[in-house]
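Naming convention: chains lettered A, B, ... in sequence-line order (proteins, then strands); numbering from 1 in each chain.
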Amino acid sequence: MVTSATGTDTGLIAHLLRRAGFGGTRAEIEHFAELGYEATVEHLLDPPSVESMPQDIIRRYHVDQSDLRIQPAAGSNWMYRMVTTNAPLLEKIALFWHRVFATGQTKLIQGKVIVTQIEMFRKLGLGSYRDLLLGLSRDPAMLMWLDNNDNHGNAINENYGREILELFSMGVGNYTEKDIYECSRAFTGWTIANMPYNVQKMRNNTARPYGYIAWQFKFDESDHDFGEKTFLGQTGNFNGDEIVDIIAKQPATARFIARHLYHYFVADELPVPQWPHLPPRDPDAIEQMAEAYFRSGYNIGEMLRTTFNSDFFKAQAVHNARIKSPVEVVVGSLRLSGGYDWPTMDVYDATASCGYMGQGLLNPPSVEGWHGAEEWVNTGAMMQRVNYASKVLGDLSRPGVRAIVDAVMPLTDDGDAGTMVDECLAHLGHLELDTETREAVVNFAREQMAELPGGGKAKRAEVEQVVIAVLQLSVATREFQLA
Amino acid sequence: MATQAKPTYKISYATTVGFTADFGGRGFHLPVDMAVRDDGHIFVLSRSSPVATPGMRIVETDLKHTFYGEFGSFGTGEGQFTRPSALAIGPNNHLFVADDSLNRITEFDAQNNYLRHWGTAGDKPGQISGPSGLAFNRDGDLLVVDHLNHRVQTFTMRGKYIAQFGAPGHRRSQFNLPWGIDVGPDGQVYVADWRNDRIQRFAPDGEFIDSHGGHGSADGKFNRPSDVAVGPDGFIYVADWMNQRVQVFDTNWKFQTKLRGQATLSPWATEYLDANQDEFRARKSFQPVIEVDATDPHEISARIESYFWDPVAVQVDKKGRLYVLETNRHRFQVYQSAST
């Protein structure tokens, strides 16, 4: 275990940065180790500034990232945020809610409305779950995604009323079919402005004549069922707001959201459809998080504060106990490699690569989102993950890779391959390899150095290529696929 | 003694030309610049998307909505571009196109045939990095906004370097990623100093005259002005890009008015709706202007179809007609100005 001057375990800081962000560079890990663990948690939860590549710069060079119509443009706009932000937890929590409240461009066609939804997640995602759920219920992308525009006072459509209970709050087994119906009645009239024309454009998949019109929430009183409803044992003339209030105070909601957070931030859980039938991996952790939920007035940030400062989060057993999502692989690689100080066409490749690995941004496979865990890995996806990380972190033209190689080069002089490999691993977000894996990488480095022409007098460029090869082999390991 | 009436300025909406055509054909896709020839022919440059490149081209049209055709395409070959950024028509009616990725200027003749291209990447005199604005001066030489070098360079039409002015910074004669450019009827040069939120004015020889603007949304302030045009009567039009409006000033920078956009359906758009009756019917209940629950002008424009959405370029023809090109709505709106 390596500790900083403040006694902070750098491995623990690296663990925190992998979970509350996309991993850290060596400089970031050392900086936060000096700051201390608890202070780092506070810094992540309440960043002193929030900066990323400015939108005016992005829009000028990538004009398709202004109207955000097509998925490559809209997804890439988010990719810029994730790669360049100095407040990574805001992006990580937005990505979390994108998985839970999955909304997809395949149906909605225009990416902009989902980007606006993501912005709402960024803004409300660490605050009150009640406010977030209300924001979601008024979100035009969600309303159209789950057909609430077809939920009329005299003709109920239960799609949103069902999913808000099944997937967005309590989970199966905690409500009845009657509750779904009553919930749906409460959301009648929750639609978007200019609904008929906007729906027709969406159905026809047409940007003609003048592009898409971004949607806006509208409460249509004339289409709302103002009658009495009985929902989860309470009776009243509920509108959607009151339904959200009732949902937010349910113990089942607290446990369901806690299990989602655990799955995403702590350790891989079972796929959501199995949750009604199988207990959580760590029931005590779920109870602690649920307790924080009620103690804080449904505050998600407080649940995460409790989590990050808990023993169950710091435990060695949950280090590298999650399989990185494709976005984590891509963004983590790019944050290490650098090269995003200015708009680059590389961003489209990064966004597409997430899709090739099975996580197309703004395009989840269904309303269930991505299950994650072992479902991230199959033969094709694994190849994509390894090849992408190896390509990016083997590219010496990227400033981050250049800096890593420059830092490692002095350690190649004495011929100690182990020292060189450890330095590489330290620069790869404090990558911890199994003993056997590390030994294989060290042997590889030793053999490569020995094969250099001129032995110890090899040219610098040739030695640099060995360092690059070590970096590429390191990110091709099983351990790099874990967070 | 009779008092002399103050000159008055008026401007009124005339028409909209355009249509979304992201795979080529009649219309535009994410256009970034336009040029108006003296015979009334209008050229619109679509930058399009790097992942939907069939939309990248130049379309020739006019105010009668005639579609004359298209030329140019994505690529690095002759007459192609990868990230086209600006247009200008030379005194010989040839069309010049800038590409801010390939760092070159391409020349087409008056029949839209490719003639040549020139340009060398770099930051030395005569080299260019990200050409983003083009205009011809009274001598028939081409002014190139060399935006990543934060300067303006003058070349002959064949690309021979003549002169330059400007440097990085925020003081007078300095630029921060400048974008559009125009030459007034008296030969003065106007540059949209994009990230300094101002317009700078120079004498024909590049000597600084004055500047106007500052960051903000009040009248006379700008938020990333992308282009400037000067009418035959000296009135100045600024594409106030991130404020999603066009501001008009007299030659002394006195604010005259601002435009937010009031597009109507072009004949191309009308024909489309006629041919797609399901959309035509659905549009009958369409409220073009709604009360928007957002304050960001970009977001407001996204929700109101008739407003400017990324008004990127402005042009004024010899009859005083103002053309406002909108990237995200794939069209340009035309206004008739008059000063008495």
Side-chain angles (χ1 to χ4, degrees), chain A residues 54-57 59-76 110-113 115-116 119-120 138 140 192-219 342-349 351-352, chain B residues 16 18-22 27 30-32 47-52 83 100-101 132 177 179 194-195 223-224 226 241-242 263 265-266 268-270 272-273 276 278-279 281-288 290-294 298-299 301-306 309-310 312 326-331:
Chain A
Q55 284 294 314
D56 62 329
I57 296 280
R59 290 174 187 168
R60 175 170 176 175
Y61 294 95
H62 303 300
V63 289
D64 58 342
Q65 291 191 38
S66 185
D67 75 345
L68 297 167
R69 178 183 141 208
I70 59 175
Q71 189 274 340
S76 293
Q110 57 165 322
K112 184 176 187 321
V113 291
V115 172
T116 302
E119 177 62 25
M120 186 261 292
R138 296 168 56 95
I192 64 167
N194 279 320
M195 190 268 282
Y197 183 53
N198 284 318
V199 166
Q200 198 62 52
K201 279 175 73 82
M202 179 183 78
R203 287 179 181 158
N204 288 6
N205 186 5
T206 181
R208 301 175 184 87
Y210 294 147
Y212 278 99
I213 299 162
W215 304 331
Q216 174 170 302
F217 173 74
K218 176 185 175 182
F219 176 59
W342 192 252
T344 167
M345 300 303 283
D346 186 73
V347 73
Y348 294 94
D349 176 60
T351 305
Chain B
T16 296
F19 185 65
T20 306
D22 42 1
L30 300 171
V32 290
R47 187 171 168 104
S48 194
S49 162
V51 293
R83 289 165 76 176
D100 68 19
S101 175
S132 66
L177 301 172
W179 195 339
W194 186 63
R195 247 184 167 236
N223 191 355
R224 307 296 186 253
S226 54
W241 190 61
M242 285 191 76
L265 290 176
S266 71
W268 301 348
T270 302
Y272 169 79
L273 290 169
N276 292 273
D278 51 354
E279 288 172 47
R281 286 190 296 272
R283 199 176 165 96
K284 281 185 176 175
S285 64
F286 178 60
Q287 297 292 317
I290 60 171
E291 189 176 339
V292 175
D293 59 11
H298 184 271
E299 189 59 38
S301 289
R303 300 185 197 181
I304 298 182
E305 189 187 61
S306 57
W309 194 12
D310 282 7
V312 65
E326 305 166 68
T327 302
N328 292 351
R329 294 279 177 220
H330 322 283
R331 69 189 179 196

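There is no contact between B:Ser301 and chain A, counting heavy-atom distances below 4.5 Å. Of the two parts of B:Ser285, the backbone and the side chain both hold a non-hydrogen atom closer than 4.5 Å to a non-hydrogen atom of chain A. Heavy atoms closer than 4.5 Å to chain B are found in the side chain of A:Ile70, but not in its backbone. Neither the backbone nor the side chain of B:Asn276 comes within less than 4.5 Å of any heavy atom of chain A. Only the side chain of A:Ala193 comes within contact range of chain B, with heavy atoms under 4.5 Å apart. For a residue to count as touching a neighbouring chain, one of its non-hydrogen atoms must lie under 4.5 Å from one of that chain's; by this rule B:Val312 does not touch chain A. For B:Trp179, the parts sitting under 4.5 Å from any heavy atom of chain A are the backbone and the side chain alike. Interface remark: A:Lys218 contributes no atoms to any contact with chain B (heavy atom separation under 4.5 Å). Heavy-atom distances place the side chain of A:Arg69, and not its backbone, under 4.5 Å from chain B. Heavy atoms of B:Asp310 lying under 4.5 Å from chain A belong exclusively to its side chain. Only the side chain of A:Asn194 comes within contact range of chain B, judged by heavy atoms closer than 4.5 Å. Proximity to chain A (any heavy atom under 4.5 Å) is restricted, for B:Arg331, to the side chain, taken from C-beta onward. B:Arg83 touches chain A through its side chain: at least one heavy atom from C-beta onward sits under 4.5 Å away, while N, CA, C and O do not. The contact between B:Arg224 and chain A is made entirely by side chain atoms (from C-beta outward), counting heavy-atom distances below 4.5 Å.
Inspection of the B:Tyr272 and A:Thr206 side chains reveals an N or O donor paired with an N or O acceptor under 3.5 Å. Side chain to side chain, A:Asn204 and B:Asp278 meet the donor-acceptor criterion of an N or O pair below 3.5 Å.
Atom CZ in B:Arg47 sits 9.0 Å away from atom NE2 in A:His62 (nearest 0.5 Å). Put simply, NZ on A:Lys201 and CZ on B:Phe286 are 8.5 Å apart, with the number rounded to the nearest 0.5 Å. A:Arg138 CZ to B:Asp293 CG: the interatomic distance, rounded to the nearest 0.5 Å, is 7.5 Å. Separation of atoms OG (B:Ser132) and OH (A:Tyr61) is listed at 7.5 Å; rounding is to 0.5 Å. Taken to the nearest 0.5 Å, the CE atom of B:Met242 stands 8.0 Å off from the CD atom of A:Gln55. Note that the CD1 atom of A:Ile57 and the CH2 atom of B:Trp194 stand 4.0 Å from one another [nearest 0.5 Å].
Closest of all the heavy-atom pairs between A:Gln200 and B:Ala282 is CB-CB, 3.8 Å. Taking all atoms of both residues into account, the shortest heavy-atom contact from A:Asp64 to B:Pro50 is OD2-CD, 3.5 Å. When all heavy atoms of A:Gly211 and B:His330 are compared, the closest pair comes out as N-CD2, 4.0 Å. Smallest separation of non-hydrogen atoms from A:Arg208 and B:Asp22: NH2-OD1, 4.2 Å.
Between A:Tyr210 and B:Glu326, the closest side-chain pair of non-hydrogen atoms is not below 4.5 Å. Inter-residue side-chain proximity for A:Arg59 and B:Thr327 is flagged as unmet; no heavy-atom pair is nearer than 4.5 Å. Looking only at side-chain heavy atoms (C-beta outward), B:His298 and A:Ser66 come within less than 4.5 Å of each other. Side-chain contact check for B:Glu291 versus A:Gln216: every heavy-atom pair is 4.5 Å or farther apart. Using a 4.5 Å cut-off on side-chain heavy atoms (C-beta onward), A:Asp56 and B:Arg195 make contact.
Here B:Leu265 is the residue among B:Leu273, B:Leu265, B:Asn223, B:Val32 with the most heavy-atom pairs under 4.5 Å with chain A. Residue with the most contacts toward chain A among B:Gly27, B:Ser49, B:Gly18: B:Ser49 (heavy-atom pairs, distance under 4.5 Å). Heavy-atom pairs under 4.5 Å with chain A peak, among B:Val292, B:Thr270, B:Thr16, at B:Val292. The candidate with the highest count of non-hydrogen atom pairs below 4.5 Å against chain A, out of B:Ser48, B:Ser266, B:Ser226, is B:Ser266.
Between B:Glu299 and A:Lys112 there is a salt bridge, since at least one side-chain N of the basic residue sits less than 4.0 Å from a carboxylate O of the acidic one.
B:Arg281 contributes no side-chain N or O that, together with a main-chain N or O of A:Tyr197, makes up a donor-acceptor pair within less than 3.5 Å.
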